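Remember, it's a predicted structure, so these values are computed and weren't measured experimentally.
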There are 2 protein chains.
Amino acid sequence: MGNFKIGELAAAAGVGRDTIRYYERMGLLREPARTAAGYRLYDATDLERVNFIRSAQELGFTLEQARKLLALRASDTAHAQAVLDITLAKIADAEARLERLSDIRDMLRMLADECPGEVPVSDCPILAFLTARRKDQQHNKKLQAAQDERSSLAKGVLS
Amino acid sequence: MGNFKIGELAAAAGVGRDTIRYYERMGLLREPARTAAGYRLYDATDLERVNFIRSAQELGFTLEQARKLLALRASDTAHAQAVLDITLAKIADAEARLERLSDIRDMLRMLADECPGEVPVSDCPILAFLTARRKDQQHNKKLQAAQDERSSLAKGVLS
DNA sequence: ATGCCGGTTGGACCATGGTCCAGGGTCAAG
DNA sequence: CTTGACCCTGGACCATGGTCCAACCGGCAT
């Protein structure tokens, strides 16, 4: 039957060999059967699992979450609610990121719009904005609102 | 005059001591003067630099970009255009991330909306979606458009 | 039998932005 | 003089998702 070796599985799934072994170490793939020579032997269900994992990744799930989703899928007592919970958490996470990231974009856009380009750096409003911080910021009306905003921009937004 | 030791600088800037030393290693801060005992000695301009770096980070700049911005600021020949270029690239980057991330959110929301919760995992449309992949996907009309969409969702969206 | 491709292992390494630790030295107060 | 708070260095370690490496073994063609 359709048994394949690691390179074949990797090629079929569109990943590297090392990625397959990595998934195995991470508990995402079962320990496969082996040939007498120690070669890993996979079948169609393994390929399907790798494809599942890649799909989950494309939707923004981490490998750890993919592992949980696979476990839920394999359970015959679990309810879809558990999957939904993970998904809803992911949505909330995405929305939080979206909000912070769009705040940043707005801020950058505003600064970019004010920057004439053809001036010496000493007149660059972007550098001025980065320089004026936590003190002496009672002048510059245009950026004041933005500065209030900025305080709410936490770390890790593009992480 | 206002010379401070590393702990004082760190406290004033709201970062850890190790972060200051890290910035120094990364070339973000100059090598400071030292006391006879080898203690680093900082002044107000160092604090201002750290504050600048933190501000840049809050706007989504990496430390490497912050380093470049600092170099531009210190230059007396550079033009604001260079800063603007970095900023525009950052905006473009933010917009690309926003788009991919909002695609993902939409996709997840669609799947979540279809999941009734109170069914066994075998009937979970989210798992079904992750399972049906790259083959046998000519059925299921509701998700078809979404699947087309999905193909364009590259990696690293929430990274 | 020789070459070559592909498999095996364990471990190092990448980026990012730090954090923490051991094993010292310094400095001011009590 | 001792205690405690601070400082020094170099290096290990964290998460994330892999990638690459050396050094070795298996299997097939020529």
Side-chain angles (χ1 to χ4, degrees), chain A residues 3-29 31-42 46 49-50 52-70 90 93 97 154-159, chain B residues 3-29 31-42 46 49-50 52-70 90 93 97 154-159:
Chain A
N3 276 357
F4 15 99
K5 299 200 285 300
I6 195 169
E8 293 160 344
L9 172 60
V15 304
R17 273 158 260 246
D18 284 340
T19 301
I20 300 297
R21 287 190 279 247
Y22 176 69
Y23 286 176
E24 181 184 329
R25 278 207 305 288
M26 295 298 106
L28 289 156
L29 297 177
E31 301 207 358
R34 302 282 187 142
T35 67
Y39 290 14
R40 288 171 177 79
L41 280 183
Y42 297 99
D46 295 304
R49 267 179 96 84
V50 178
F52 182 100
I53 294 163
R54 301 309 278 200
S55 294
Q57 279 189 299
E58 285 179 10
L59 281 185
F61 293 105
T62 63
L63 291 183
E64 179 55 27
Q65 289 167 330
R67 210 184 50 67
K68 283 187 185 128
L69 291 172
L70 282 165
K90 200 84 212 147
D93 182 66
R97 287 166 183 280
K155 291 92 186 166
V157 175
L158 24 61
S159 65
Chain B
N3 276 358
F4 15 99
K5 299 201 284 302
I6 194 169
E8 294 160 344
L9 173 60
V15 304
R17 272 159 259 247
D18 284 340
T19 300
I20 300 296
R21 286 189 280 247
Y22 177 70
Y23 286 174
E24 180 184 330
R25 278 207 304 291
M26 294 298 105
L28 289 156
L29 297 179
E31 301 207 358
R34 303 280 187 143
T35 67
Y39 289 16
R40 289 171 178 80
L41 281 183
Y42 297 99
D46 295 304
R49 265 179 100 83
V50 178
F52 182 99
I53 295 163
R54 301 309 277 198
S55 294
Q57 279 189 300
E58 285 177 11
L59 282 185
F61 293 105
T62 63
L63 291 184
E64 179 54 25
Q65 290 166 331
R67 210 184 49 67
K68 283 185 185 131
L69 291 172
L70 283 164
K90 201 84 213 151
D93 181 69
R97 287 165 183 279
K155 293 90 186 167
V157 177
L158 24 60
S159 64

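- The stretch residues 19-27 of chain B touches DNA chain C through Thr19(B), Tyr22(B), Tyr23(B), each having a heavy atom under 4.0 angstrom from the strand.
- A side-chain donor-acceptor contact under 3.5 Å links Lys90(A) to the backbone of Gly60(A).
- In terms of the salt bridge (charged side-chain N to carboxylate O under 4.0 Å, His left out) criterion, Arg49(A) has no residue partners (sequence neighbours excluded).
- Closest non-hydrogen pair, Phe52(B) versus Leu70(B), comes out as CD2-CD2, 3.5 Å.
- Residue Arg40(B) has a polar side-chain atom (N or O) positioned under 4.0 Å from OP1 or OP2 of dT9(D).
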Discussion item. Pair Arg67(B), Glu64(B) - check salt bridge (Lys or Arg N to Asp or Glu O under 4.0 Å), show working.
Written reply: CA-CA 5 Å; Arg67(B) 210 184 49 67; Glu64(B) 179 54 25; 2.7 Å; yes
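- Phe4(B) places its CZ atom 13 Å from the P atom of dC7(D), with the value rounded to the nearest Å.
- Nearest-nucleotide positions on DNA chain D place Asp18(B) closer to the 5' end than the other of Glu64(A) and Asp18(B).
- Closest non-hydrogen pair, Glu24(B) versus Tyr42(B), comes out as OE1-OH, 3.7 Å.
- The residue among Ile53(A) and Ala36(A) whose nearest nucleotide of DNA chain D is located toward the 5' end is Ile53(A).
- Taken to the nearest 0.5 Å, the CD1 atom of Ile53(A) stands 13.5 Å off from the CZ atom of Phe61(A).
- A salt bridge is absent between Arg40(A) and Glu31(A): the closest approach of a Lys/Arg side-chain nitrogen to an acidic carboxylate oxygen does not fall below 4.0 angstrom.
- For DNA chain C, the contact window with chain A, defined by any atom under 4.0 Å from a protein heavy atom, covers dG6(C) to dT9(C) in 5' to 3' order.
- Separating the CG atom in Asp46(A) from the CZ atom in Phe4(A) is a distance of 7.0 Å, to the nearest 0.5 Å.
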